[in-house]
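Just so we're on the same page: letters track the sequence lines, and every chain starts at 1. Just so it is clear, the values below take in all heavy atoms, side chains as well, and ignore hydrogens, waters and symmetry mates.
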There are 2 protein chains.
Amino acid sequence: MPTRHPSAPPSPDGHLLHPIVRKLSTYAHLDAGERAALAGLSAGGQRVEGRSDLLVEGAAPDCAVLVVEGIACRYRHRPNGARQITAYLLPGDLCDPDVVHLSRMTHSVGTIGPCRIVRIPREALADLTERHPGIARALRHAKLAEEETTREWVMNVGCRSAIERVSHLLCELHERLRIVGWATKAGYDLPLTQQDVADTTGLSNVHVNRVLRQLRLMRLVEVGGKRVDILDLPGLRAVAEFQPDYLRPTSAESIPG
Amino acid sequence: MPTRHPSAPPSPDGHLLHPIVRKLSTYAHLDAGERAALAGLSAGGQRVEGRSDLLVEGAAPDCAVLVVEGIACRYRHRPNGARQITAYLLPGDLCDPDVVHLSRMTHSVGTIGPCRIVRIPREALADLTERHPGIARALRHAKLAEEETTREWVMNVGCRSAIERVSHLLCELHERLRIVGWATKAGYDLPLTQQDVADTTGLSNVHVNRVLRQLRLMRLVEVGGKRVDILDLPGLRAVAEFQPDYLRPTSAESIPG
DNA sequence: CGTCCCGTTGAAGCGTGTCAAGGTCTGTGG
DNA sequence: CCACAGACCTTGACACGCTTCAACGGGACG
């Protein structure tokens with residue numbers, strides 16, 4: 001049983017109920033006008049079903065994509081059919097406004113579960129960042145965090161064991177969802193299948209299942225029914241060697257411009 | 001026996017002998033003034049020995065680092081001593097002017113072999129991009145390519161076999177070095193040890209050795225003596241499923257600004 | 001009521017890691 | 001010129017973490 005209905009606002013604190021406002025506020029100070037502008041973006045939007053593509057490899061996209069609700073991912077298929085997920089897009093994440101300017105996407109972006117998204121035309125985005133330097137600064141910072149996250153993933157699949165990889169993924173999603181108000185200390189809703197976790201961590205779905213069982217037996221975390229219940233956060237982070245630094249850079253203001 | 005002495009310029013075509021000029025020119029048109037400005041940057045610089053750190057995890061860097069000659073890498077150590085290399089910095093690569101603005105580096109940057117580098121103060125870099133929009137555009141594009149490269153690495157360690165991973169790495173380095181004039185169709189000089197390759201691909205040094213032997217027996221590539229000799233480029237790329245697209249985005253001009 | 005997707009579990013095989021020993025090369029100091 | 005040390009490469013034997021294959025159960029949905 002989910003703790004909160006997906007369409008209910010995460011919290012009753014005005015603009016902060018919009019995940020992108022919450023997220024960008026952690027990176028740079030936003031004035032009232034900037035918060036309002038972002039909130040305006042998040043309003044409305046388009047409902048998209050789970051397991052559907054938002055941007056496909058090879059296409060020439062003309063819009064950025066803001067995830068307002070739900071979880072999406074960047075992924076690619078190998079010729080042999082194997083899939084690798086290279087990033088998750090959580091509420092408040094803006095699917096790379098720059099990459100989107102490339103004439104050919106080298107990977108696809110698709111939803112995991114049902115999502116609410118906003119497509120933002122290139123010009124509207126440029127206009128927004130020109131008018132609101134705080135937003136521009138925060139977006140640059142968010143992008144840095146995203147790059148660090150990708151490097152962390154290289155670290156994860158490159159030199160950690162199965163249980164460490166899965167734990168690390170669960171910790172990262174927990175931390176990122178907490179920032180935007182979609183997770184509590186106790187856990188979070190997660191629409192991923194075990195196959196998705198496998199395609200993220202470079203493991204087989206069978207082995208992911210075994211690792212999740214082990215984590216449950218270790219009384220660290222229980223994953224099941226589209227829900228993650230965290231029993232022992234310090235313990236889980238210890239197993240994962242999780243250092244949240246890369247998600248929350250310490251000095252947003254040091255980036256000029 | 002290296003094909004070219006390291007201190008000799010790659011080619012005699014004026015400014016294009018500077019790797020950063022060659023590289024950025026592939027991403028956006030640069031006018032004469034911009035090429036000259038970049039060439040001015042590359043001149044001189046500082047010699048650094050192999051196996052030394054340029055930026056260390058936890059420090060607060062105040063300069064960007066341009067690699068003019070040699071190879072450096074981003075890396076991190078796990079508490080258990082394991083090392084993961086998350087990126088290589090080749091001649092012409094500018095160590096992320098933005099990440100460098102963070103107050104705390106989450107990873108280190110160190111040289112592989114001897115290098116020639118230029119440290120660029122934050123203000124000088126800002127000045128350069130303000131004065132030369134072409135450079136700014138090209139740098140943005142270079143950064144996109146770098147992000148795509150990191151995602152490709154996630155793909156590599158996440159879902160490819162040992163021989164595929166090593167082949168892919170060799171293909172990527174070949175292509176990137178070719179762009180800046182440090183590789184020919186026949187091969188390139190490479191100061192990496194087998195342990196470095198192992199720390200990059202998530203394999204053990206022993207297994208890297210076996211894979212390299214196999215690639216030699218397959219008559220695809222010979223690696224040894226700090227040199228990579230490519231015997232069958234199409235064959236090697238086929239094994240690696242190497243798609244150079246991610247390094248050379250097709251439409252540089254579509255990025256505004 | 002059947003179908004399909006997902007989760008679960010067991011058994012067997014294999015790719016890769018680990019351990020260990022020795023070889024080669026290079027630089028260094030006697 | 002030789003002896004030695006250290007870093008790197010190479011190879012073999014063995015161990016193990018993970019994959020693969022297969023079968024079954026349960027829940028959602030038409």
Pair Glu147(B) + Lys143(B): basic N to acidic O under 4.0 Å: no
Interatomic distance, Arg176(A) atom CZ to Tyr188(A) atom OH [nearest 0.5 angstrom]: 10.5 Å
With Ser42(B) via side chain to side chain donor-acceptor pair (under 3.5 Å) - residues at least two apart: none
Strand contacts (DNA chain C) in residues 197-209 of chain A, 4.0 angstrom heavy-atom criterion: Val206(A), Asn209(A)
Approximate separation, where rounding is to 0.5 Å, of Met155(A) CE and Thr106(B) OG1: 10.5 Å
Would you be so kind as to tabulate the donor-acceptor pairs closer than 3.5 Å made by side chains of residues 228-239 of chain A, with sequence neighbours excluded?
unit_1, atom_1, unit_2, atom_2, d
Asp229(A), OD1, Arg227(A), NE, 3.4
Asp232(A), OD1, Gly235(A), N, 2.9
Arg237(A), NH2, Glu175(A), OE1, 2.8

Pair Asp189(A) + Lys226(A), salt bridge at N-O below 4.0 Å: no
Parallel, tilted or perpendicular: ring planes of His168(A) versus Tyr246(A), cut at 30 and 60 degrees: parallel
Terminal helix-axis angle for the helix from dC1(C)-dG30(D) to dG30(C)-dC1(D), with five pairs defining each axis and rounding to 10 degrees: 30°
So which protein nitrogen or oxygen atoms get under 3.5 Å of nucleotides 24-30 of chain D's nitrogens or oxygens?
none

Sugar-phosphate, base or nothing in reach of Arg213(A), heavy atoms under 4.0 Å: sugar-phosphate
Salt-bridge present (Glu148(A), Arg248(A); N to O < 4.0 Å): no
salt_bridge(Glu57(A), Arg104(A)) N-O dist < 4.0 Å: no
hbond_proxy Arg210(A) side chain to dT20(D) base (donor-acceptor, 3.5 Å cutoff): yes
Side chain to side chain donor-acceptor pair (under 3.5 Å) partners of Glu146(B), counting only residues at least two apart: Arg74(B)
For residues 197-204 of chain A, which side-chain N or O atoms pair as donor and acceptor with protein atoms under 3.5 Å away, sequence neighbours left out?
unit_1, atom_1, unit_2, atom_2, d
Asp199(A), OD1, Gln195(A), NE2, 3.0
Asp199(A), OD2, Arg83(A), NE, 2.7
Asp199(A), OD2, Arg83(A), NH2, 2.9
Thr200(A), OG1, Tyr88(A), OH, 2.5
Thr200(A), OG1, Asp196(A), O, 2.7
Thr201(A), OG1, Val197(A), O, 2.8
Ser204(A), OG, His207(A), N, 3.2

Contacts of Arg165(B) that satisfy salt bridge (Lys or Arg N to Asp or Glu O under 4.0 Å) - sequence neighbours left out: none
Chain B contact limits on DNA chain C, taken 5' to 3' with a cut-off of 4.0 angstrom to heavy atoms: dT16(C) to dC19(C)
Spacing between Asp196(B) atom CG and dC9(D) atom C1', to the nearest angstrom: 13 Å
Sequence-distant partners of Arg116(A), salt bridge (Lys or Arg N to Asp or Glu O under 4.0 Å), two or more places apart: Glu69(A)
Spacing of Gln195(B) atom CD relative to dC9(D) atom C1', expressed in whole Å: 12 Å
Sequence neighbours excluded - salt bridge (Lys or Arg N to Asp or Glu O under 4.0 Å) pairs with any residue from residues 213-224 of chain A: Arg219(A)-Glu222(A)
SB check Asp62(A) Arg119(A) (cutoff 4.0 Å): no
I'd like a table of atom pairs between the protein and nucleotides 5-8 of chain D - only N or O on both sides, under 3.5 Å - with the distance next to each one.
none

